[in-house]
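Read the structure below first, then the notes.
None of the values given here were measured: they were computed from a predicted structure. Quick note: numbers below take in every heavy atom, side chains included, and nothing from hydrogens, waters or symmetry partners. Residue numbers count from 1 along this sequence.
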Amino acid sequence: MFLISDTLDNAQRIDWRAALETLGLRVFGAVAIALIGVWLVRRLIQGLDRVLARSHIETISRLFLKNFAYAFCMVLVGVAVLQQLGVPPASLLAILGAAGLAIGLALKDSLANIASGVLLIVQKPFHVGDLVQIGGQEGKVTQVRIFTTNLRTLDNRDVVMPNSMVTSQAIINMSRQAERRLEIKVGVGYEDNLDDARRVLLELAAADARVLKDPAPEVLVTALSESSVDLELRAWVANSDLLHARSDLNRAVRETLMTNGLHIPYPTRDLHVYHHDADGRDLLKVTRSVAHDGDGDYPEPPAAK
């Protein structure tokens with residue numbers, strides 16, 4: 001009797017020890033797979049980056065592909081770790097399917113961002129370094145990631161926009177074309193000679209070396225305002241010269257118009273103020289009627305009409 005009981009106890013001890021040893025080996029193998037897998041993924045991503053750079057793929061596509069490949073490889077490493085821990089492949093696929101469905105329902109916006117990021121890479125509405133305006137935000141594109149697009153504003157602020165928002169908004173790319181047209185609006189007086197004003201504006205444009213000869217600059221009458229005749233100088237410059245050329249021409253227009261006897265009128269308003277006393281009479285009429293006639297008497301003001 002005692003012999004049978006001792007034998008069962010020894011068998012239980014051996015099974016328990018074997019289970020611990022097996023679990024320890026599995027955990028050790030899972031940790032080793034995780035460490036080696038992460039190291040291999042980083043090496044593979046570095047090699048992929050060098051291959052993409054040698055293939056002359058643009059920066060925005062290269063960065064997106066790197067991020068996508070890194071995320072995909074890390075998922076594979078996670079699956080290998082779970083298998084090493086003893087999760088059966090069928091159960092693993094079922095778990096991944098259920099988790100994918102739950103994640104897809106919970107993170108549908110994130111999946112939309114991934115799809116929008118792929119569209120941005122395929123359609124290429126902008127490149128890294130382009131100055132764009134999207135949804136009221138203006139800045140240079142720095143990166144397109146799996147979920148977001150990063151902009152850097154001209155005053156050095158970082159703007160992070162979801163990819164789905166980028167693809168659903170109008171994208172204005174201000175760097176795509178090599179040439180841009182600048183418009184300078186100026187108002188002259190109604191008494192000024194429009195031919196003289198037009199000549200002065202065209203001479204200013206011709207004197208600036210940054211203004212292109214073709215297309216030629218032009219001056220248009222755009223409106224007859226309340227206090228001025230509105231003109232608009234249109235000239236074409238290189239994209240990189242737009243900001244400073246517009247600033248310099250604005251300053252030159254003001255100074256040159258004034259030296260040539262032309263006027264830049266200010267908006268004016270005639271303000272009429274009427275004062276009345278308690279009985280409704282016009283106080284201005286009362287004041288004018290009560291005038292000293294030199295004999296010390298002040299006549300009574302006339303009755304209000």
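- By the 4.5 Å heavy-atom criterion applied to side chains, Val186 and Leu233 are not counted as neighbours.
- Between Ser225 and Asp230, the side chains place a donor N or O and an acceptor N or O closer than 3.5 Å (distance only, hydrogens not considered).
- The structure places CZ of Arg43 at 14.0 Å from CG of Leu48, a figure rounded to the nearest 0.5 Å.
- Screening residues 253-266 for salt bridge (charged side-chain N to carboxylate O under 4.0 Å, His left out), with sequence neighbours left out, gives Arg251-Glu255.
- A distance-only check finds a donor-acceptor pair linking the side chain of Asn163 to the backbone of Thr149 [under 3.5 Å].
- In terms of heavy-atom proximity, Ala197 sits nearest to Val188 at CB-CG1, 4.2 Å.
- From Leu44, atom CG reaches atom OH of Tyr70 across 12.0 Å, with rounding to the nearest 0.5 Å.
- A donor-acceptor pair is defined here as one N or O able to donate and one able to accept, closer than 3.5 Å; no such pair exists between the side chain of Asn250 and the backbone of Ile184.
- Remark: Asn150 CG to Arg145 CZ distance equals 7.0 Å, nearest 0.5 Å.
- Taking CE of Met258 as the start and CD1 of Ile264 as the end, the distance is 7.0 Å to the nearest 0.5 Å.
- Neither Val200 nor Leu220 shares a network with the other; the hydrophobic side chains, linked directly or stepwise wherever heavy atoms of I, L, V, M, F, W or Y lie under 4.5 Å apart, form separate groups for each.
- The heavy-atom pair separating Asn239 from Gln177 by the smallest distance is ND2-O, 2.8 Å.
- Pairs engaging residues 170-182 under the salt bridge (charged side-chain N to carboxylate O under 4.0 Å, His left out) rule: Arg181-Glu183 [sequence neighbours left out].
- Listed by chain and number, the residues in a side chain to side chain donor-acceptor pair (under 3.5 Å) with Asp155 are Thr153, Arg157 (sequence neighbours excluded).
- For Ser228 against Pro265, the heavy-atom pair with the smallest separation is CB-CG, 3.4 Å.
- Shown here is Arg199, whose CZ atom has more than 12 heavy atoms of other residues, nucleotides or ligands within 6.0 Å.
- Between the CD1 atom in Ile134 and the CD atom in Gln169 there is a gap of 9.0 Å [rounded to 0.5 Å].
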Checklist entry - Are Phe126 and Val166 close enough, and set up right, to give a side chain to side chain contact (heavy atoms under 4.5 Å, CB included), and what steps lead you there? => result CA-CA 11 Å; Phe126 46 71; Val166 176; 4.1 Å; yes

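- Other residues, nucleotides and ligands place more than 12 heavy atoms under 6.0 Å from the CD atom of Glu191.
- With rounding to the nearest 0.5 angstrom, the CG atom of Leu231 is 7.0 Å from the OG1 atom of Thr222.
- Note: the hydrophobic cluster containing Leu204 also contains Val211 (ILVMFWY, side chain heavy atoms under 4.5 Å, direct or indirect links).
- Annotation: side chain to side chain donor-acceptor pair (under 3.5 Å) contacts of Asp130 (sequence neighbours excluded): Asn173.
- Contact between His263 and Asp192 at its shortest, heavy atoms only, is N-OD2, 3.0 Å.
- Between Glu203 and Thr256, the closest side-chain pair of non-hydrogen atoms is not below 4.5 Å.
- Remark: Asn193 engages no residue in a side chain to side chain donor-acceptor pair (under 3.5 Å) (not counting sequence neighbours).
- Screening Leu242, Leu243, Leu249 against Val237 for a side-chain contact (heavy atoms from CB on, under 4.5 Å) leaves a single residue, Leu242.
- Residues Met165 and Val141 share a hydrophobic cluster, clusters being chains of Ile/Leu/Val/Met/Phe/Trp/Tyr side chains in contact below 4.5 Å.
- Clustering ILVMFWY residues whenever any of their side-chain heavy atoms sit less than 4.5 angstrom apart, transitively, puts Leu119 in a cluster other than the one holding Val144.
- Across all non-hydrogen atoms, the minimal contact from Tyr190 to Ser227 is CE1-C, 4.0 Å.
- Leu257 places a side-chain heavy atom less than 4.5 Å from the side chain of Val253.
- Taking hydrophobic clusters as Ile, Leu, Val, Met, Phe, Trp and Tyr residues chained together by side-chain heavy-atom distances below 4.5 Å, Ile172 does not share a cluster with Leu151.
- Not one N or O on the side chain of Asn113 forms a donor-acceptor pair closer than 3.5 Å with the backbone of Thr148.
- Residues that satisfy the side chain to side chain donor-acceptor pair (under 3.5 Å) test with Ser116, not counting sequence neighbours, are Thr167.
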Item to check | Audit row: Met74, Val38, side chain to side chain contact (heavy atoms under 4.5 Å, CB included) steps and yes/no | outcome: CA-CA 7 Å; Met74 291 303 295; Val38 171; 3.8 Å; yes

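- Counting heavy atoms from C-beta outward, Val132 and Ser175 have side chains that stay 4.5 Å or more apart.
- Looking only at distances, no side-chain donor or acceptor of Asp241 sits under 3.5 Å from a matching main-chain atom of Ala238.
- Contact detail for Leu182 and Ala245: the closest heavy-atom pair is CD2-CB, 4.0 Å.
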